[in-house]
Amino acid sequence: MPIIEITDVVKTYQTGDVEVHALRGVSLSIDEGEFVAIMGASGSGKSTLMNIIGCLDRPTSGAYRLAGREVSGLNRDDLAEVRNQVLGFVFQNFNLLSRTSALENVELPLLYRGIHGKERHRRAAAALERVGLAGRLDHTPNQLSGGQQQRVAIARALVGEPKVVLADEPTGNLDSLTSVEVMALFQELQSTGITVALVTHEPDIAEFASRVVVVKDGLILSDDRQTPSSARVALDELLAAKAAGGAA
């Protein structure tokens, strides 16, 4: 059943005397366990759409139901609660606290929930183990590679056991090999029943999703299901090519 239901959503911004129509009546339904890539050029409305899905912004008009709850009219505190309970976020720039360990970065969403120290530590350590960083708990971001930092960010998104993970250009600052590693992780999350929605401008990244939604001029231009490429296979091919290059 749909976990995200957006109906006739309009978003208009006022910039001085000019009205900017970011979304012009968008309807979108995403089922539980789907992996959806949202694409579009700069200014297309894709980021506005993601902000509304993530309860970071409210529509000017229209309806939005998240996990069966109408959220478009909620106040700021209620929206913050929904974000903390239902959603997990992954950003292009990682958004990690630079002087804080990986474990402490991952603990933050649980701190906001008021979960006590030992339980926070246990859950954060388990989330980091899940993304392959069990041996990096005490490392600060500047002691980690870009790919490892993004894995910490994904662990932070997962620690609250969200129903939906939202990723905004999660591979934008990563090289090709690390990007595929991250996409393999997202595919693994989907296989466990977590809904994944990501914004990307890279067609090769969108190939790993099971559905691609293209936004243009504030409207959905196309919405296509596809057989996703296997990130694990792509990763093996990249590693083999790298090894062959090194051998040469």
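- Atom OH of Tyr112 has 12 or fewer neighbouring heavy atoms from other residues, nucleotides or ligands inside a 6.0 Å radius.
- For Gln148 (side chain) and Ser145 (main-chain N/O), a donor-acceptor pair under 3.5 Å exists by modelled atom type.
- Each of Leu28, Asp31, Val213 was compared with Val36 under the side chain to side chain contact (heavy atoms under 4.5 Å, CB included) criterion, and only Val213 meets it.
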>> Run the side-chain contact (heavy atoms from CB on, under 4.5 Å) test on Phe89 and Asn95 for me, step by step, so that the C-alpha distance in whole Å, both residues' side-chain angles and the decisive distance to 0.1 Å come before the verdict.
In response: CA-CA 10 Å; Phe89 295 88; Asn95 287 5; over 6 Å; no
>> Assess the residue pair Glu181 and Thr178 against the criterion (side-chain contact (heavy atoms from CB on, under 4.5 Å)); give the C-alpha distance rounded to whole Å, side-chain angles, the decisive distance to 0.1 Å, and a yes or no.
In response: CA-CA 5 Å; Glu181 290 177 343; Thr178 308; 4.1 Å; yes
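- For the pair Ser179 (side chain) and Asp175 (backbone), a donor-acceptor distance under 3.5 Å is present.
- Within 6.0 Å of atom CD in Gln85, more than 12 heavy atoms from other residues, nucleotides or ligands are found, so the atom counts as buried in its surroundings.
- Listed for the Gln187 side chain is a donor-acceptor partner under 3.5 Å among the backbone atoms of Ala231.
- Residues Val86 and Met50 are members of one and the same hydrophobic cluster, defined by side-chain heavy-atom contacts under 4.5 angstrom among Ile, Leu, Val, Met, Phe, Trp and Tyr.
- A 4.5 Å side-chain heavy-atom check between Val20 and Lys11 finds every atom pair outside the cut-off.
- Looking only at distances, no side-chain donor or acceptor of Arg151 sits under 3.5 Å from a matching main-chain atom of Leu133.
- Tyr64 places a side-chain heavy atom less than 4.5 Å from the side chain of Ile4.
- Electrostatic pairing of Arg211 and Asp223 counts as a salt bridge here, judged by a charged N lying under 4.0 Å from a carboxylate O.
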> Given Phe186 and Phe35, is the side-chain contact (heavy atoms from CB on, under 4.5 Å) satisfied, shown in steps?
Replying inline: CA-CA 8 Å; Phe186 282 132; Phe35 185 175; 3.9 Å; yes
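- Between the side chain of Lys163 and the backbone N or O of Thr195 there is no donor-acceptor pair closer than 3.5 Å.
- Taking 4.5 Å as the limit, some side-chain heavy atom of Leu49 sits within range of a side-chain heavy atom of Ile6.
- For the pair Glu188 and Arg130, the salt-bridge criterion is not met [side-chain N within less than 4.0 Å of a carboxylate O].
- Taken together through direct or relayed side-chain contacts under 4.5 Å among Ile, Leu, Val, Met, Phe, Trp and Tyr, Leu56 and Val71 form part of one hydrophobic cluster.
- A heavy-atom distance below 4.5 Å is found between the side chains of Val182 and Ile154.
- The two residues Ser72 and Ala63 make their nearest non-hydrogen contact at OG-CA, 4.1 Å.
- The two residues Leu23 and Gly45 come nearest to each other via the heavy atoms CD2-O, 3.6 Å.
- Although no hydrogens or angles enter the test, the distance criterion places no donor-acceptor pair under 3.5 Å between the side chain of Glu119 and the main chain of His121.
- In this structure, Met39 and Lys46 have side chains that are not in contact, with every pair of non-hydrogen atoms separated by 4.5 Å or more.
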>> side-chain contact (heavy atoms from CB on, under 4.5 Å), that's the test. Do Asp168 and Gln92 meet it? Break it down for me.
In response: CA-CA 6 Å; Asp168 187 1; Gln92 177 178 350; 5.8 Å; no
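- For the residue pair Ile53 and Leu87, the shortest heavy atom distance occurs at O-CD1, 4.0 Å.
- Using modelled atom types, no side-chain atom of Arg113 and backbone atom of Leu108 make a donor-acceptor pair closer than 3.5 Å.
- Separation of atoms CG (Asn84) and CD (Glu81) is listed at 8.0 Å; rounding is to 0.5 Å.
- Residues Arg58 and Ile52 fail the side-chain proximity criterion, which asks for heavy atoms closer than 4.5 Å.
- Distance alone, capped at 3.5 Å, is enough to place a donor-acceptor pair between the Glu104 side chain and the Ser101 backbone.
- Using a 4.5 Å heavy-atom threshold, the side chains of Val10 and Asp8 count as separate.
- Gln226 and Ala206 get closest at one heavy-atom pair: NE2-O, 2.9 Å.
- Both Val199 and Ile3 belong to a common hydrophobic cluster when Ile, Leu, Val, Met, Phe, Trp and Tyr are linked at side-chain heavy-atom distances under 4.5 angstrom.
- Between the side chains of Thr171 and Glu202, a donor-acceptor pair is found at a separation under 3.5 Å.
- Follow the hydrophobic side-chain contacts under 4.5 Å out from Leu97 and you never reach Phe94; the two are in separate clusters.
- Placement of Leu96 and Leu185 within a single hydrophobic cluster is found when ILVMFWY residues are connected by side-chain heavy-atom separations under 4.5 Å, directly or transitively.
- One N or O on the side chain of Arg24 and one on the backbone of Asp217 form a donor-acceptor pair closer than 3.5 Å.
- Considering every non-hydrogen atom in both Gln143 and His139, the closest pair reads OE1-CA, 3.3 Å.
- With respect to the salt-bridge test (charged N to carboxylate O, under 4.0 angstrom), the residues Arg225 and Glu34 qualify.
- Between Arg136 and Leu128 the shortest side-chain heavy-atom distance does not fall below 4.5 Å.
- Smallest separation of non-hydrogen atoms from Leu189 and Thr192: O-OG1, 2.6 Å.
- Side-chain atoms of Gln150 come within 3.5 Å of backbone atoms of Pro170 as a donor-acceptor pair (strictly under, hydrogens ignored).
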